[in-house]
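Okay, so here's the structure we're looking at.
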Protein chains: 2
Amino acid sequence: MSQTVDRALSILPLLAEGPADLGQVADRLGVHKSTALRLLRTLHEHGLVYRQSDQRYRLGARLFALAQEAVENLDVREIAHPHLVRLNEQCGHTVHLAVYEENEVLYIDKVESRYPVRMYSRIGKPVAITVAAVAKLLLADLPEAERRALADKLDYPMYTARSIPNAPAFLKELATVREQGWATDLGGHEESINCVAAPIRGADGRVAAAMSVSAPNVVVTADELLTLLPLVRRTADAISRDYSGRTPAKEAPQEMSTE
Amino acid sequence: MSQTVDRALSILPLLAEGPADLGQVADRLGVHKSTALRLLRTLHEHGLVYRQSDQRYRLGARLFALAQEAVENLDVREIAHPHLVRLNEQCGHTVHLAVYEENEVLYIDKVESRYPVRMYSRIGKPVAITVAAVAKLLLADLPEAERRALADKLDYPMYTARSIPNAPAFLKELATVREQGWATDLGGHEESINCVAAPIRGADGRVAAAMSVSAPNVVVTADELLTLLPLVRRTADAISRDYSGRTPAKEAPQEMSTE
DNA sequence: TGATGCGTTGCGCAATGTGCAACGGTCATT
DNA sequence: AATGACCGTTGCACATTGCGCAACGCATCA
């Protein structure tokens, strides 16, 4: 909607691919060098872009700080965290918390496995949306129309032989998940990794977040992991209760009303 | 330099404090609602801003993804990481990696302590620049003029009685650190936490990053922590060797030439 | 010493972003 | 149920703001 801002912001994903010099930025934006320079300067002043010693531009430090503050302001995360830790203490595996936002599912919290073999994932990283157990739960709760539209737009990469191959299969899987109230990913993303997941609901009953327990085959078999399902669901329900128990304000949970 | 972009970017730190509605954003920017709306829309299209169910705006998901890609493009981090893990395995304490950028020092990697009592810190979070051991190393290596200018601009909050109180004391400390090639923070940030840190140098001999080991008093005394200094320095030197040994390209370290 | 390639600057033009005023929806109040 | 206040949204006319051009300074390389 705003040309200047639009151009400026387009620089960021461009630089995310790697450092670039003024000329490259100008070319890829399709604008004159002087224009690119002005935009980069403004981004620089705000710390979103950094000029390294060879004069090339890179994404800047403030970006981290912003992402950091953003994640800390998510109140589901704050409420869920102690529960996730407790669950991790009980079962020892990696625990994830994820939310849906604008056609993406992303991890917003993680408690690392206590086993030496860990899975790779990172807070803030978009999730493999067509296969991850948490993604299934979050998408299954979308309004029908939106769900269909999204399923059509997605790519269905075959990470493994068990990956979900296409939109119809995905919608079918979502229907099942929606029905049963929990989800799994059995080697659909990485051959040797399985997950069980359960939904966290807000006061309105909608799925606000989802959590999962993941473990590689070498540690526990899929069947063994599934025995954890009741525990995972109980944890998710406990979080739901905490989360829906209070207004979206920031007061301490123990206080109620007055006012 | 560019008014529109400047205004748009000013919205981000504002939203980092917490969600805000259109009116609030417009007020704090000092612009008309319609202007704020247009800016927010543009930010929204780029995923930097998210509109939550109560219509208020929050920082968006793409921000995480960007910060994520940014941190992964830092090659010091990539090279240093295995060394940090090894050091953590040897001593068990929290290990940090930090860089200096635009008047800030920030953590770009961290390996958690294996002791139950952990210190609070977060990747991406700016460091307490006047007291942290890694900050001292990074600032000590700045050109004289820049170092003075920065020291004058800084605030010197008295986190504890041992915090560095003012610019002259800070510059003196930096001189010592520069001289000896390592740094400590003994309860200058949090009363009960001590750190030892060592510099990582690039091919040009300049300090490119700094790493530290931190531990609370309840786990080891300051004296005990100081006995780790040789180990920390050896690790930092090993990273320096890895880091300066090759061109800023992205090839695997073991391969050499061909081409 | 000339030549090429880069980032940078000043400038005149008009495209772009601006604030205004009016609309339409939602919610609380009576 | 009706009224009013509030907030987000839209279209528009004005001029501020950002635009591309061309010229400059400064490196590196021939």
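Both backbone and side-chain heavy atoms feed into the values below; hydrogens, waters and symmetry mates do not. By convention in this document, chain letters (A, B, ...) are assigned in the order of the sequence lines, proteins followed by strands, and residues within each chain are numbered from 1. Here the structure is a predicted model, which is why all the values come from computation and not from measurement.
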With a 6.0 Å cut-off on ring centres, are Phe170(A) and Tyr156(A) close enough?
yes
In whole angstrom, give the distance that lies between atom [atom1] of [X] and atom [atom2] of [N].
| X | N | atom1 | atom2 | value |
| --- | --- | --- | --- | --- |
| Lys33(A) | dT9(C) | NZ | C1' | 12 Å |
| Leu37(A) | dG20(D) | CG | P | 12 Å |
| Leu40(B) | dC7(D) | CG | P | 16 Å |
| Met1(A) | dA15(C) | CE | P | 19 Å |
| Leu39(A) | dT8(C) | CG | P | 13 Å |
| Arg41(B) | dG17(C) | CZ | P | 14 Å |
| Arg51(A) | dC6(C) | CZ | P | 13 Å |
| Asp6(B) | dT18(C) | CG | P | 11 Å |

Where each residue is assigned the nucleotide of DNA chain C containing its nearest heavy atom, which of Gly30(B) and Gly23(A) is assigned the position nearer the 5′ end?
Gly23(A)
Heavy-atom nearest nucleotide on DNA chain C for Asp21(A) versus Gln3(A): which residue maps closer to 5'?
Asp21(A)
Check this one for me: any side-chain N or O of [X] less than 4.0 Å away from OP1 or OP2 of [N]?
| X | N | result |
| --- | --- | --- |
| Thr35(B) | dG19(C) | yes |
| Thr4(A) | dG17(C) | yes |
| Ser34(B) | dG19(C) | no |
| Arg7(B) | dT16(D) | no |

With the threshold set at 4.0 Å, does a side-chain nitrogen-carboxylate oxygen contact exist between Arg58(B) and Glu101(A)?
yes
Check ion pair Arg148(B)-Glu144(B) (N to O, under 4.0 angstrom)
yes
The side chain of [X] is closest to which nucleotide in this list: [options]?
| X | options | result |
| --- | --- | --- |
| His32(A) | dC21(D), dC19(D), dG8(D) | dC21(D) |
| Arg38(A) | dG7(C), dT9(D), dG20(D) | dG20(D) |
| Leu22(B) | dT8(C), dC19(D), dG8(D) | dG8(D) |

His96(B) and Tyr107(B) aromatic ring geometry - parallel, tilted or perpendicular at 30°/60° bounds:
parallel
Partner of Arg201(B) under side chain to side chain contact (heavy atoms under 4.5 Å, CB included), chosen from Asp237(B), Asp141(B), Ile239(B)
Asp141(B)
